[in-house]
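Only one structure is covered here, and it is reproduced in the block below.
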Amino acid sequence: MPEKSTTIMDRIDRTTRIPESHRRKDPPPPRSVKVEVTGVCNYRCSFCALTKRVEQPRAPMEWSLLERMIREFREFGTTEFGFFYIGESFTTVKTLVPAIKLATELGYENRFLTSNASLASPDKVRTVIEAGLTSLKWSVNNYDENQFVEVVQRPGRLFHQAVANIKAAKVVRDEIFARTGHFCELSASRIQYDDKQGQLMDPFFAEHIEPYVDHSYELPLYTMGGAPIDQELKLGMKPTAGNMGRVGALVEPMPCWAVFTEAHVTSSGMLSACCFDADGSWTMADLNEVSVSEGWHSVAFQELRVAHLKGNVTGTPCETCAMYN
């Protein structure tokens, strides 16, 4: 396999470390954007903000809006496009594949996706990689079927299907690379629910995940914008403040990088200030009504950034999350 100039960990760290050029109320265009191709998900993870959506989306983003987002963010200066946000994008491959193809044609340097893997059959993985995907990360957060059922609240067969798909994906990726020269980085992340989770996950990852990906890393248990904290605590989990990036390269929860360096768009077209915004609490602009540029520099966004730069988000939607504990 080729040596990539950057790894997924490099890109995460670059996004979470806010450069001086972006520490202002009206920062330059974000390098990266995550667009919710669909809000639909086949999991109901107890720690996920999705569980707090009063009404779950039933369809993918309208193609006209998605196409506009892909084109407009590129024109704005964004160079990395993520085809997910909160929903599971493999629920809508018919929308996902043409979106990746368009982003590839427009010259985005990195076209990336995170998935729970349960629906990522070899045929589907083949189509997204051949469409131009450059990074595919698996979110794997349970070490056995019992924990999966407890945390994800779905049948245990999906746990085994996800593992099988992860193993099959590497075979597909390697075949495509050998045949075409196009390389898609495969990686996996896992969440530290508590002090013991890492020890329980180590042997499972060593046998079933790490041999089938290029990189793996750990994440702290986020508060997910504050929405699922009660459920996390009920399960004995230990959430942390804000989104501090990955374990081994954590940053301070304030100012939060999500407000300055990466854009997030829901399947309904809302530009959010939070990477966990499932209920619209952090909506900064309606991109059905305004341009990406106008949304990124909206008055609401500027006021929130000022609060983060001052280190006091009391009274803002970020209070519960960034100032947790």
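The figures that follow rest on heavy atoms only: side chains count, while hydrogens, waters and symmetry mates do not.
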Quiz item: Do side-chain atoms of Gln153 reach the backbone of Arg44 as a donor and acceptor pair under 3.5 angstrom?
Solution: yes
query = Is Glu319 reaching over with its side chain to a backbone N or O of Gly315, donor-acceptor style, under 3.5 angstrom?
reply = yes
Closest non-hydrogen atoms of Val97 and Thr127, given as atom of the first, atom of the second and distance, are CG2-OG1, 3.7 Å
Those residues at least two apart in sequence (or on a different chain) that pass side chain to side chain contact (heavy atoms under 4.5 Å, CB included) with Asn146 are Asp144
With sequence neighbours left out, the residues meeting salt bridge (charged side-chain N to carboxylate O under 4.0 Å, His left out) with Glu72 are Arg68
*Flag for Ser281-Asp279: side-chain donor and acceptor within less than 3.5 Å*: yes
| message | Would Glu210 and Ser216 count as a side chain to side chain donor-acceptor pair (under 3.5 Å) here? Give the steps. | response | CA-CA 7 Å; Glu210 290 174 343; Ser216 68; 3.2 Å; yes
Between Tyr43 and Ala162, the two heavy atoms sitting closest are OH-CB, 4.1 Å
Could you walk me through whether Leu304 and Met284 pass the side-chain contact (heavy atoms from CB on, under 4.5 Å) test, one step at a time? CA-CA 9 Å; Leu304 183 60; Met284 297 291 106; 4.1 Å; yes
For Ile86, the hydrophobic cluster (side chain heavy atoms closer than 4.5 Å, chained through members) also holds Leu50, Tyr85
| Taking 4.0 angstrom as the limit, do Arg74 and Glu105 come out as a salt bridge? | no
State, with a plain yes or no, whether a side-chain heavy atom of Leu250 is found less than 4.5 Å away from one of Pro220. yes
Do the side chain of Arg154 and the main chain of Asn42 share a donor and acceptor less than 3.5 angstrom apart?
-> yes
*Joint hydrophobic cluster, Ile209 plus Trp138, side-chain heavy atoms closer than 4.5 Å*: yes
Note: Ser187 and Ile8 closest approach over all heavy atoms is OG-CD1, 3.4 Å
Q. Is there a donor-acceptor contact under 3.5 Å from the side chain of Thr180 to the main chain of His182?
A. yes
- Side chains of Asn141 and Ser139: do they bring a donor and an acceptor to under 3.5 Å? yes
Which side-chain N or O atoms in residues 25-32 pair as donor and acceptor under 3.5 Å with protein atoms at least two apart or in another chain?
unit_1: Asp26; atom_1: OD1; unit_2: Arg24; atom_2: NE; d: 2.9
unit_1: Asp26; atom_1: OD1; unit_2: Arg24; atom_2: NH2; d: 3.1
unit_1: Asp26; atom_1: OD2; unit_2: Arg24; atom_2: NH2; d: 3.3
unit_1: Ser32; atom_1: OG; unit_2: Glu262; atom_2: OE2; d: 2.9

Distance col, row Phe83:CZ vs Tyr108:OH, nearest 0.5 angstrom, shows 8.0 Å
### Message
If we ignore hydrogens and angles and just use 3.5 Å, is the side chain of Thr6 paired with the main-chain N or O of Arg11 as donor and acceptor?
### Response
no
OG1 (Thr266) and CE (Met61) are apart, to the nearest 0.5 Å, by 6.5 Å
Check: Glu80 main-chain N/O paired with Thr78 side-chain donor or acceptor under 3.5 Å:
no
For this session: Kindly say whether Asn243 contributes a backbone atom to a donor-acceptor pair with the side chain of Trp257 at under 3.5 angstrom?
Result: yes
Heavy atoms of Phe204 and Asn142 approach each other most closely as CE2-O, 3.6 Å
### Query
Counting only N and O atoms by type, is there a donor-acceptor contact under 3.5 Å from the side chain of Arg111 to the main-chain atoms of Phe81?
no
So OG of Ser267 and CD of Glu36: to nearest 0.5 Å the spacing works out to 4.0 Å
Quiz prompt | Under-4.0 Å salt bridge between Arg71 and Glu75 | solution = no
Checklist entry - Is the closest side-chain donor-acceptor distance between Gln192 and Gln197 under 3.5 Å? => result no
Please work out whether the ring planes of Phe148 and Phe159 are parallel, tilted or perpendicular, with thresholds of 30° and 60°. tilted
Across all chains, not counting sequence neighbours, the side-chain hydrogen bond (donor to acceptor under 3.5 Å, both in side chains) partners of Asn288 are Asp286
Residue set satisfying side chain to side chain contact (heavy atoms under 4.5 Å, CB included) with Pro60, at least two apart, ordered chain then number -> Thr38, Thr92, Thr95
Report task. Give the C-alpha distance, both sets of side-chain angles, the deciding distance and a yes or no for side-chain contact (heavy atoms from CB on, under 4.5 Å) between Met69 and Leu65. Result -> CA-CA 6 Å; Met69 292 299 96; Leu65 178 59; 3.9 Å; yes
Q) Which class fits the ring pair Phe73 and Phe76: parallel under 30°, tilted 30 to 60°, perpendicular over 60°? A) perpendicular
* Asked: Do Asn110 and Thr79 have side-chain heavy atoms sitting under 4.5 Å apart?
  -> no
Between the side chains of Ser115 and Glu88, is a donor N or O closer than 3.5 angstrom to an acceptor N or O? yes
For residues 297-312, the side-chain hydrogen bond (donor to acceptor under 3.5 Å, both in side chains) pairs (sequence neighbours left out) are Asn312-Thr314
Check whether any side-chain heavy atom of Asp277 lies under 4.5 Å from a side-chain heavy atom of His264, and answer yes or no.
-> no
| Taking atom types as modelled, is there a side-chain donor on Ser293 or Ser291 under 3.5 Å from an acceptor on the other? | no
* To do: Indicate whether any N or O donor in one side chain lies under 3.5 Å from an N or O acceptor in the other, for Asn165 and Tyr212.
  => no
Practice item. For the residue pair Thr15 and Phe260, establish whether any side-chain heavy-atom pair is separated by less than 4.5 Å. Key: no
By side chain to side chain contact (heavy atoms under 4.5 Å, CB included), His160 pairs with (sequence neighbours left out) Glu145
Arg23 meets the side-chain hydrogen bond (donor to acceptor under 3.5 Å, both in side chains) criterion, sequence neighbours left out, with none
With sequence neighbours left out, the residues meeting side-chain hydrogen bond (donor to acceptor under 3.5 Å, both in side chains) with Asp195 are Lys238
When rounded to the nearest 0.5 Å, the distance separating CG of Leu113 from CZ of Phe84 is 7.0 Å
Closest non-hydrogen contact found for Leu133 with Ile100 is N-CG2, 3.5 Å
**OP:** Find out whether Val125 and Arg173 are in side-chain contact, i.e. whether some heavy atom of one side chain is under 4.5 Å from a heavy atom of the other.
**Re:** no
Result for side-chain contact (heavy atoms from CB on, under 4.5 Å) between Cys41 and one of Thr91, Asn116, Leu119 points to Asn116
Residue set satisfying salt bridge (charged side-chain N to carboxylate O under 4.0 Å, His left out) with Lys137, at least two apart, ordered chain then number -> none
For Arg179, the salt bridge (charged side-chain N to carboxylate O under 4.0 Å, His left out) test, sequence neighbours excluded, returns Glu130, Glu175
- request: Would you check if Thr283 and Leu271 make a side-chain contact, meaning some heavy-atom pair closer than 4.5 Å?
  value: no
Item to complete: Answer with yes or no whether the side chains of Ser118 and Gln161 bring together a donor and an acceptor at under 3.5 Å.
Response: no
Nearest heavy-atom approach of Val259 to Ala273 is CG2-O, 3.8 Å
Handout entry: Check ion pair Lys170-Asp174 (N to O, under 4.0 angstrom)
Key = yes
